[in-house]
Amino acid sequence: MLDLRFIRENSDLVKEAVKNKGEDVNVDELLKLDEKRRKLISQAEKLKHQKNVFSEKIAGLKMNKKDFQADVEKMKEVSKSISELDKSLKQINEKLNELLLKVPNIPHASVPVGADESCNLEIRSWGELPRFDFEPRPHWEIGKILGILDLPRAAKVSGSGFLMFLGLGAKLERALINFMLDLHVKKHGYKEIFPPFLVNRSSMTGTGQLPKLEEDMYLTEKDDLFLIPTAEVPVTNIYRDEMLKEDDLPLNFASYTACFRREAGTYGKDTRGMIRVHQFDKVELVKFVKPENSYQELENLVDHAEEVLKLLGLPYRVRNLCTGDLSFAAAKCYDLEAWACGLGKHLEVSSCSNFEDFQARRIGIKYRTKKNNKPEFLHTLNGSGVALPRTMICILENYQTKKGTVKVPEVLKPYMDGIEEIE
RNA sequence: GGAGAGGUGCCGGAGCGGCCGAACGGGGCGGUCUCGAAAACCGUUGUUCCUUUUUGGAACCGGGGGUUCGAAUCCCUCCCUCUCCGCCA
């Protein structure tokens, strides 16, 4: 959420952001409502002041056993006007808030302007694409041959778009989770969080999934709880409506969770294998930082996510997302795309975003600054470090051998009881 | 799921329906004292919004609604916490 005052004073900038991000909000209507709102507040507050003055007068008269009936009558009128004003004010506020929640964050100056992913800017790449003296298989074949992935039975049990790992496949999944958590906790200094996987509506609204993406979420209707689409939601909401101390910052959290996405509207896209699934594992990194450091922190964050891929020996590229591809709440975002040789393409395994104070304002997280002891919104960032299924795809496909086995990446061996090869 | 208790400021903890943004205690900050520190004493200590040059004004005692001229204080409702009973991984 943007500051209303900011929108008022920088309406052109906001309109441009709305356009560049391909969002649909009527900023002028919002501004009109804001003006109306302030007028009403002024009116109501004048009356409330009157009310307070009269209340005191009545209290005084009553104490001195004097007649106050005339004033009471007058007050009735005033109170009535106040409640009418408050009522329309409430309506306006609701409408205003509704619009305000639809205004996207402003892209950072370093973000390329463009309509879609074709305008994303490649920043760098790492690693050599592996070469084979045979036709590399796609991961679903490998998984089937080795008996470590059973998609048909997953579909029987739950439906299409669900995964079932077996034996060493399940172990590899667990190995990846532990490897990533250990890396971020021990080496990069993040604090590990194991949060709830179901969250309430306020949390979902706070991080910006609602109201826009309700259709993409799994909702347990009886309790109005949502299955989390990412650990970002519970972890960022940890400090909702709280005031932190400057010395608390930065806070760095690493969190493994399952993630649940309905993927509504993506039918027919990436249907084979496990590129796009309804439930997947992910290790997420979340940062709460001082505003002046947030762009440096974004670089650190990307660096930490990249290290996962480097250590796993997976070639990847980093892209600076253009305005049209940037998510609603982000000011800047880097995508990490790892190479999957069986599929013959890059797969997005991580998104690292700086939300500046957009989420913090929406969610009410401030910190008290040392310099003037005033509360200020902090900046939030998050990034996958990294998402598992696509990483698993890359490992299976890039580490496959001619005879159909899969070599275990060096860094995962300690997590696989020293197993060298899945066969 | 059943029965009860409770949610007040940074924390503890008061609060006959009007002078309560809130007693009192603790903590924090500033000062006096001291070579320094402790103790003692004095002072100070929230957020948001409107107006704005300041002055000023409004709102907030878990959330929402209601009663009343007036509500932290009464009523309804939701949420949360705690205790006991039952059930259960």
Side-chain angles (χ1 to χ4, degrees), chain A residues 1-9 30-101 194-206 210 219-226 234 237-249 258 357-378:
Chain A
M1 184 162 67
L2 294 176
D3 185 10
L4 193 51
R5 209 173 314 158
F6 176 87
I7 299 176
R8 202 184 296 150
E9 286 160 11
L30 192 146
L31 291 172
K32 229 182 261 167
L33 280 171
D34 171 48
E35 214 178 305
K36 234 189 203 169
R37 169 181 153 266
R38 284 183 293 151
K39 224 175 248 164
L40 279 177
I41 288 177
S42 286
Q43 279 177 38
E45 287 193 350
K46 262 180 209 144
L47 288 177
K48 283 178 187 174
H49 178 57
Q50 208 180 336
K51 180 182 103 171
N52 289 342
V53 170
F54 268 79
S55 269
E56 232 167 279
K57 189 180 166 199
I58 290 171
L61 288 173
K62 197 179 172 191
M63 272 225 291
N64 295 316
K65 317 252 176 192
K66 290 194 178 143
D67 182 51
F68 52 88
Q69 214 44 48
D71 293 295
V72 167
E73 289 307 317
K74 227 180 196 168
M75 280 296 299
K76 275 188 185 171
E77 288 300 310
V78 175
S79 287
K80 207 176 150 199
S81 312
I82 289 175
S83 79
E84 271 163 25
L85 281 174
D86 275 348
K87 219 171 261 170
S88 30
L89 191 60
K90 204 186 149 199
Q91 272 177 7
I92 286 185
N93 273 333
E94 272 167 21
K95 227 166 160 187
L96 191 65
N97 212 9
E98 208 176 290
L99 283 177
L100 207 50
L101 287 178
F194 194 88
F197 288 10
L198 280 92
V199 298
N200 57 32
R201 201 167 271 278
S202 308
S203 295
M204 223 47 161
T205 308
L210 295 181
L219 169 63
T220 64
E221 283 184 31
K222 265 189 188 161
D223 302 292
D224 206 35
L225 292 174
F226 292 85
N237 274 285
I238 289 175
Y239 294 110
R240 171 148 48 93
D241 294 322
E242 290 194 35
M243 175 106 63
L244 303 176
K245 297 192 208 77
E246 182 164 344
D247 286 338
D248 295 337
L249 304 180
D357 65 3
F358 190 85
Q359 286 183 328
R361 178 173 295 107
R362 201 165 163 124
I363 226 175
I365 313 177
K366 296 185 173 182
Y367 74 104
R368 200 173 284 286
T369 60
K370 278 184 176 167
K371 74 172 177 261
N372 52 12
N373 210 33
K374 281 273 183 300
E376 207 172 290
F377 290 112
L378 48 73

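Keep in mind the model is a prediction, meaning the values are calculated, not measured. Just so we're on the same page: letters track the sequence lines, and every chain starts at 1.
- For the pair A/D224 CG and B/C80 P, the computed distance is 12 Å after rounding to whole Å.
- Applying side-chain contact (heavy atoms from CB on, under 4.5 Å) to A/I7 and the options A/L99, A/L100, A/D34 leaves one that passes, A/L100.
- Remark: the separation of the C1' atoms in B/G7 and B/C61 is 10 Å, to the nearest Å.
- In this structure, the CG atom of A/L61 is 16 Å from the P atom of B/G70, given to the nearest Å.
- Every residue two or more places apart in sequence or in another chain that forms a ring pair (Phe, Tyr, Trp, His ring centres under 6.0 Å) with A/F358 is listed here: A/F328.
- In this structure, A/R37 and A/K87 both approach RNA chain B, and ranking their closest nucleotides by distance from the 5' end singles out A/R37.
- Proximity of A/N237 to A/M204: side-chain heavy atoms (C-beta onward) are nowhere separated by under 4.5 Å.
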Extract all donor-acceptor atom pairs below 3.5 Å that involve side chains of residues 51-62 of chain A and protein atoms in other chains or at least two apart in sequence.
{"residue": "A/S55", "atom": "OG", "partner": "A/K51", "partner atom": "O", "Å": "3.4"}
{"residue": "A/K57", "atom": "NZ", "partner": "A/D71", "partner atom": "OD1", "Å": "3.2"}

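- We find the CG-NZ distance between A/N97 and A/K90 to be 12.5 Å, quoted to the nearest 0.5 Å.
- Closest contact between the side chain of A/R5 and the listed nucleotides B/C49, B/U47, B/G70 involves B/C49.
- Using a 4.0 Å heavy-atom cutoff across all strands shown, A/K80 reaches no nucleic acid atom at all.
- The interatomic distance linking A/Q43 (CD) with B/U51 (C1') rounds to 14 Å, in whole Å.
- B/A23 and B/G9: their C1' atoms are spaced 13 Å apart (whole Å).
- Between the CG atom in A/L378 and the CE atom in A/M243 there is a gap of 11.0 Å [rounded to 0.5 Å].
- To the nearest 0.5 angstrom, A/L30 atom CG is 10.0 Å from A/R37 atom CZ.
- Within the model, atoms NZ of A/K95 and NZ of A/K36 stand 6.5 Å from one another, a figure rounded to the nearest 0.5 Å.
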Could you list, one pair per line, each protein nitrogen or oxygen that sits under 3.5 Å from a nitrogen or oxygen of nucleotides 18-22 of chain B, together with the distance?
{"residue": "B/G18", "atom": "O6", "partner": "A/K62", "partner atom": "NZ", "Å": "3.2"}

Short heteroatom pairs, N/O only, protein and nucleotides 43-45 of chain B, under 3.5 Å:
none

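- Put simply, A/K90 has no side-chain N or O that comes within less than 4.0 Å of OP1 or OP2 on B/G64.
- Nucleotide B/A58 holds its P atom 22 Å from the NZ atom of A/K39, rounded to whole Å.
- Using atom C1' as the reference point in both B/U55 and B/C16, the two lie 37 Å apart (nearest Å).
- Here the P atom of nucleotide B/C50 and the CG atom of A/L96 are 11 Å apart, to the nearest Å.
- Pairs of Watson-Crick or G-U wobble type, with distances under 3.5 Å, assemble into runs of 3 or more in RNA chain B at these ranges: B:1-7 with B:79-85, B:10-12 with B:24-26, B:27-32 with B:40-45, B:46-50 with B:56-60, B:62-66 with B:74-78.
- When only modelled atom types and interatomic distance are considered, A/N200 and A/S203 share a side-chain donor-acceptor pair under 3.5 Å.
- Residue A/E35 places its CD atom among 12 or fewer non-hydrogen atoms of other residues, nucleotides or ligands, all under 6.0 Å distant.
- A/D357 contributes no side-chain N or O that, together with a main-chain N or O of A/F377, makes up a donor-acceptor pair within less than 3.5 Å.
- Here the CD atom belonging to A/E9 is positioned 10.0 Å from the CG atom belonging to A/L4, to the nearest 0.5 angstrom.
- Within the 4.0 angstrom heavy-atom criterion, only backbone atoms of the sugar-phosphate kind lie near A/R8; the bases stay farther away.
- B/G66 and B/C60 have their P atoms separated by 14 Å, given to the nearest Å.
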ask   = What's the verdict on side-chain contact (heavy atoms from CB on, under 4.5 Å) for A/I365 and A/Q359, showing C-alpha distance, side-chain angles and the deciding distance?
value = CA-CA 8 Å; A/I365 313 177; A/Q359 286 183 328; over 6 Å; no
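- Comparing B/G30 with B/A39, their P atoms sit 15 Å apart, to the nearest whole Å.
- Side-chain nitrogen and oxygen atoms of A/R368 include none within less than 4.0 Å of the OP1 or OP2 phosphate oxygen of B/G46.
- Residue A/E73 contributes atom CD, which lies 14 Å from atom C1' of B/G70 at whole-angstrom precision.
- Across the P atoms, B/C29 and B/A37 are found 13 Å apart, a figure rounded to whole Å.
- At the phosphate of B/C49, neither OP1 nor OP2 sits under 4.0 Å from any side-chain N or O atom of A/R38.
- With both ends at atom C1', the span from B/G4 to B/G70 equals 34 Å, rounded to whole Å.
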ask   = Run the side-chain contact (heavy atoms from CB on, under 4.5 Å) check on A/Q91 and A/L40 step by step: do they pass?
value = CA-CA 11 Å; A/Q91 272 177 7; A/L40 279 177; over 6 Å; no
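- Taking the P atom of each, B/G12 and B/G62 are spaced 14 Å apart, rounded to whole Å.
- To the nearest angstrom, C1' of B/U47 lies 15 Å from CD of A/E242.
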Any protein N or O atoms within reach of nucleotides 53-57 of chain B? Criterion: under 3.5 Å, listing atom names and distances.
{"residue": "B/G57", "atom": "O3'", "partner": "A/H49", "partner atom": "ND1", "Å": "2.9"}
{"residue": "B/G57", "atom": "N2", "partner": "A/E45", "partner atom": "OE1", "Å": "3.0"}
{"residue": "B/G57", "atom": "N2", "partner": "A/E45", "partner atom": "OE2", "Å": "3.4"}

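- Separation of atoms CG (A/L210) and CZ (A/R201) is listed at 6.0 Å; rounding is to 0.5 Å.
- Side-chain contact check for A/Y367 versus A/K245: every heavy-atom pair is 4.5 Å or farther apart.
- The CG atom of A/D241 sits 18 Å away from the P atom of B/C60 (whole-angstrom rounding).
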